[in-house]
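Here's the structure, in structure tokens; my notes come after.
All chains are named by letter (A, B, ...) in the order of the sequence lines, taking the proteins before the strands, and each is independently numbered beginning at 1. Hydrogens, waters and symmetry mates play no part in the numbers below; they use all other heavy atoms, side chains included.
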2 protein chains.
Amino acid sequence: MKKQPVPYKIYLEEKEMPTHYYNVRADMKQKPAPLINPGTHQPMTAEELEHVFCTELVKQELDNDTPYIAIPDEIRSFYKMYRPSPLVRAYELERKLQTPAHIYYKFEGNNTSGSHKLNSAIAQAYYAKKQGLIGLTTETGAGQWGTALSMACAYLGMDLKVYMVKGSYHQKPFRREVMRTYGASVTPSPSDTTEVGRRILAAHPDTTGSLGCAISEAVEYAVTHEGYRYVLGSVLNQVLLHQSVIGLETKAAMDKYGIRPDIIIGCAGGGSNLGGLIAPFMGQKLRGEADYHIIAIEPASCPSFTRGKYAYDFCDTGMICPLAKMYTLGSDFIPSPNHAGGLRYHGMSPILSELYHQGLMEARSVEQTSVFEAAEYFARIEGILPAPESSHAIRVALDEAIRCKETGEEKTILFGLTGTGYFDLKAYEEYNDGTMTDYIPTDEELARSLAKLPKMD
Amino acid sequence: MKKQPVPYKIYLEEKEMPTHYYNVRADMKQKPAPLINPGTHQPMTAEELEHVFCTELVKQELDNDTPYIAIPDEIRSFYKMYRPSPLVRAYELERKLQTPAHIYYKFEGNNTSGSHKLNSAIAQAYYAKKQGLIGLTTETGAGQWGTALSMACAYLGMDLKVYMVKGSYHQKPFRREVMRTYGASVTPSPSDTTEVGRRILAAHPDTTGSLGCAISEAVEYAVTHEGYRYVLGSVLNQVLLHQSVIGLETKAAMDKYGIRPDIIIGCAGGGSNLGGLIAPFMGQKLRGEADYHIIAIEPASCPSFTRGKYAYDFCDTGMICPLAKMYTLGSDFIPSPNHAGGLRYHGMSPILSELYHQGLMEARSVEQTSVFEAAEYFARIEGILPAPESSHAIRVALDEAIRCKETGEEKTILFGLTGTGYFDLKAYEEYNDGTMTDYIPTDEELARSLAKLPKMD
């Protein structure tokens, strides 16, 4: 293919946007392990899952075979308001680093939710609306997912109840106000609106809450109110399916200019961004059509891939959700209070866990201060102030580009820039003030939480 | 011309981006009035202006004749990192409003500074760097201009001193941290780093500062330090020149699809956004090639066009800068503490003032709560959370689209969406809580500040 000069930003045309989600499970010989009912230890049936999730999403959650699933027109219309997202050639970064590497990033931050979360939020809200449901419930910690879902629900005219960890509710009033502006009702958790919330408040009146508790409240509200369902922003198979639009757009843009990445890098918390970015590339790899060096980056403070165990575990700290087989640190592992809220999950997407287990990708962990060093460097050169989560990927992209400078290799590096750091300035302030610290859990700490994994027969 | 279907977002290709700024003064028969030396009442000479501004920018400030001025490659490289900005067709808004109008907006918020300010910041920093200067000084209130200039200076490796109004410094720590992340030194004003700051502090130790005082400190620092110059983010002719990229991109994108706006709407504080957006359209109008209905929107609380006087006045409250002939409310007019920080200037760009004076554009003022009502409506439908400033234009675009619905006219409405409201959530909180108020200055108040206009011979 004759190569055209690559512009700073490649925008697909609207008509080149994906018409189908890509389901990487269809190309996996060994499928990800099914969700398990914690009572019976049997795989969750569609019927059981439909108490919590809407019908179409349950179908997507369980579908290990269909490779391409059509994106409904209504979802595509919404996507057209903020997608295609740009694939950026980091010319300025390359020049500054004096590296022979070619660096690309797929930037998902140019929307008000500030991250890729919106891609799945609109899909989940759409299917729920189509089923005739009137509202959704969810939990939010840092607030990215809650914001994305608020935007989707506002667009579709659906009600939304967000349980926001009480500490965040008061410390992050701006995220809360974005959600309120989009019409969501935001309740600090624990609250007196649920059984479980009242129980916790009675026992710990001064608690600032936890994600586990907020999940439990959101689920309770959904299962006890007609016309409501609970939705989740990462980890699940359905979420990775929706996020495949990231990778599909990236691959289409690269193909258009005859670019082939050697290394693909993404940050991984629950895994939705990385799973979405790598989907079509991993598909090629699984089908034996191409090979890519894929690297998942996680915080050293919450190292599920690099120091966790591949085992069945609870998805929530409240232990009311199904069991998933995944790389996990144990459902009561408490990561240090680092600033990458989206990477503080104890487990990892079952799909990515299985792919990693099969040796199809690498994983690395990086420390917080080196992540912010990379973030600041990147911001000053490329202009964009990155989210702390995304900056994990930036750190390793810089490391790899510097290695190319040393070896003289002209590798093509692709990374996912999942979002912006506009609501993370408290973290930047700590970094600017030199008061940011690193934290790595000890082996003893990890052994303690891993010892509590549920016993499977 | 055969019309192609218009996508949700029109992105020009990189090679279609403007290569020249357009200087609307070249097409004005009656030129804007020159800046005047407040001591001699004579037009400011280049030599006088060069104490404060760098040489090339003084040239641009005084150039009333050259229609097209080449954009240097280095500036174009920077633009390519965040431009072209999208011209958005608001299909969803049209559908929701059930209006026959076609609504377009040029969205300048997809960069970390969050607004169009970056277009002039990089140009001003570039020319200063090229002249061998080592640093710049400026003032900032809400922080948008300071952020933009920090990004530009970080990219070029220039030093930057920002004097930030003390009240904002403490109340808007996030804006401050963005600037620090980009390497700027941010000083709360008044400070003990300048003569004027020390004087004010001695007299009013508890003051929270003012924009006027911050300007005075920034100017003093620049004129008393070798290798420094002062820069300003709006009002000046040079700034409108740089901002013409907004309008040039808009017109190129519209021409590509055979679109011709009937109504062009922009918010106006100092006038840089509106002046930039309308530049090429106004050029056609001045040359008699086309006609457009152009509307400037200002807050009812700071109504320089609609209730001010066209006269020579000081540009700063400290009365140390040159006099400009402009629509003004008087340099000691204190607008109410409304939330559109970028629209709280007592005067208006001399270029726009002259164009308005000639009857080439209309002006309207709108009240704060109706602006936020429009902002929320827009956010929920189009996804983007708009800046309070930009929402003034949204308000009138909605009004015009609703009028089209009533009359059945299929008008094409274009407005400038200058930025995002991610750092204005305090304002949204007030609106969400129902505690937002409107404020309109009384005739007596205006008469009092207008009575203090400098006497000209």
Side-chain angles (χ1 to χ4, degrees), chain A residues 5 7-9 11 13-15 77-84 86 88 90-92 109-114 118 147 150-152 154-155 157 173-178 180-183 372 375-376 379-386 420-433, chain B residues 5 7-9 11 13-15 77-84 86 88 90-92 109-114 118 147 150-152 154-155 157 173-178 180-183 372 375-376 379-386 420-433:
Chain A
Y8 274 66
K9 294 187 267 32
Y11 279 106
E13 288 177 48
E14 202 168 87
K15 58 182 182 240
S77 290
F78 188 85
Y79 283 163
K80 284 176 193 169
M81 289 199 289
Y82 72 100
R83 308 197 67 81
V88 184
Y91 280 117
E92 302 295 326
N110 272 350
N111 69 73
T112 287
S113 85
L118 198 50
T147 307
S150 306
M151 292 172 67
Y155 176 77
F174 290 172
R175 277 281 187 199
R176 180 190 75 207
E177 290 309 319
V178 182
R180 285 181 73 203
T181 300
Y182 281 92
F372 274 83
E376 186 192 88
R380 291 185 183 186
I381 297 164
E382 288 285 315
I384 300 164
L385 187 82
T420 51
Y422 308 149
F423 291 89
D424 301 286
L425 270 309
K426 229 25 215 166
Y428 277 96
E429 182 175 16
E430 256 185 36
Y431 180 74
N432 292 333
D433 288 344
Chain B
Y8 274 66
K9 296 188 266 30
Y11 279 106
E13 287 178 49
E14 202 168 86
K15 58 182 184 241
S77 290
F78 188 85
Y79 283 163
K80 285 175 191 169
M81 289 200 290
Y82 72 98
R83 307 198 68 81
V88 184
Y91 281 118
E92 302 295 325
N110 272 348
N111 68 74
T112 287
S113 83
L118 198 51
T147 306
S150 306
M151 292 173 66
Y155 177 78
F174 291 172
R175 276 281 185 199
R176 179 189 77 209
E177 289 310 318
V178 182
R180 286 181 72 204
T181 300
Y182 281 92
F372 274 82
E376 186 192 88
R380 292 186 182 186
I381 296 164
E382 288 285 315
I384 300 165
L385 187 81
T420 51
Y422 306 151
F423 292 89
D424 301 286
L425 271 308
K426 223 38 212 157
Y428 278 96
E429 182 176 16
E430 254 185 38
Y431 180 73
N432 292 333
D433 287 344

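- With a 4.5 Å cut-off on non-hydrogen atoms, Ile381(B) touches chain A through its backbone but not through its side chain.
- If you measure heavy-atom distances from Ser77(B) to chain A, the contacts under 4.5 Å come from both the backbone and the side chain.
- The structure places OH of Tyr422(B) at 7.5 Å from OH of Tyr422(A), a figure rounded to the nearest 0.5 Å.
- Residue contact with chain A, scored on non-hydrogen atoms closer than 4.5 Å, is absent for Tyr431(B).
- For Phe372(A), no part lies near chain B; criterion is any non-hydrogen pair under 4.5 Å.
- Of the possible donor and acceptor atoms, one in the side chain of Thr112(A) sits under 3.5 Å from a partner among the backbone N and O of Gly383(B).
- Checked by atom type and distance alone, the side chain of Lys9(B) pairs as donor or acceptor with a backbone atom of Arg83(A) at under 3.5 Å.
- Note: Phe174(A) and Phe174(B) have perpendicular aromatic rings, judged against thresholds of 30 and 60 degrees for the angle between ring planes.
- Residue Asn110(B) touches chain A through both its backbone and its side chain, counting heavy-atom pairs closer than 4.5 Å.
- Residue contact with chain A, scored on non-hydrogen atoms closer than 4.5 Å, is absent for Lys15(B).
- Only the backbone of Tyr82(B) comes within less than 4.5 Å of a heavy atom in chain A; its side chain stays farther off.
- Heavy atoms of Asp424(B) lying under 4.5 Å from chain A are absent altogether.
- No side-chain heavy atom of Tyr91(B) sits under 4.5 Å from any side-chain heavy atom of Lys80(A).
- Salt-bridge formation is detected for the pair Arg176(A)/Glu429(B): a Lys NZ or Arg NE/NH1/NH2 atom is positioned less than 4.0 Å from an Asp or Glu carboxylate oxygen.
- Side-chain contact check for Leu425(B) versus Val178(A): some heavy-atom pair is nearer than 4.5 Å.
- Looking at Glu13(B), neither its backbone nor its side chain comes within 4.5 Å of chain A, counting heavy atoms on both sides.
- If you measure heavy-atom distances from Pro86(B) to chain A, you find no contacts under 4.5 Å at all.
- Heavy atoms of Thr420(B) lying under 4.5 Å from chain A are absent altogether.
- Arg380(A) approaches Arg180(B) most closely through the heavy-atom pair NH2-O, 3.7 Å.
- With sequence neighbours excluded, no residue satisfies ring-ring contact (aromatic ring centres under 6.0 Å, His included) with Tyr79(A).
- Top candidate by heavy-atom pairs under 4.5 Å with chain A, chosen from Gly421(B), Gly183(B), Ala379(B), is Ala379(B).
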Can Tyr182(B) and Leu385(A) be said to form a side chain to side chain contact (heavy atoms under 4.5 Å, CB included), step by step?
-> CA-CA 9 Å; Tyr182(B) 281 92; Leu385(A) 187 82; 4.0 Å; yes

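- Contact annotation for Glu14(B): only side-chain heavy atoms (C-beta onward) come within less than 4.5 Å of a heavy atom of chain A.
- Looking only at heavy-atom pairs under 4.5 Å with chain B, the residue among Asn432(A), Leu118(A), Asp433(A) that has the most is Asn432(A).
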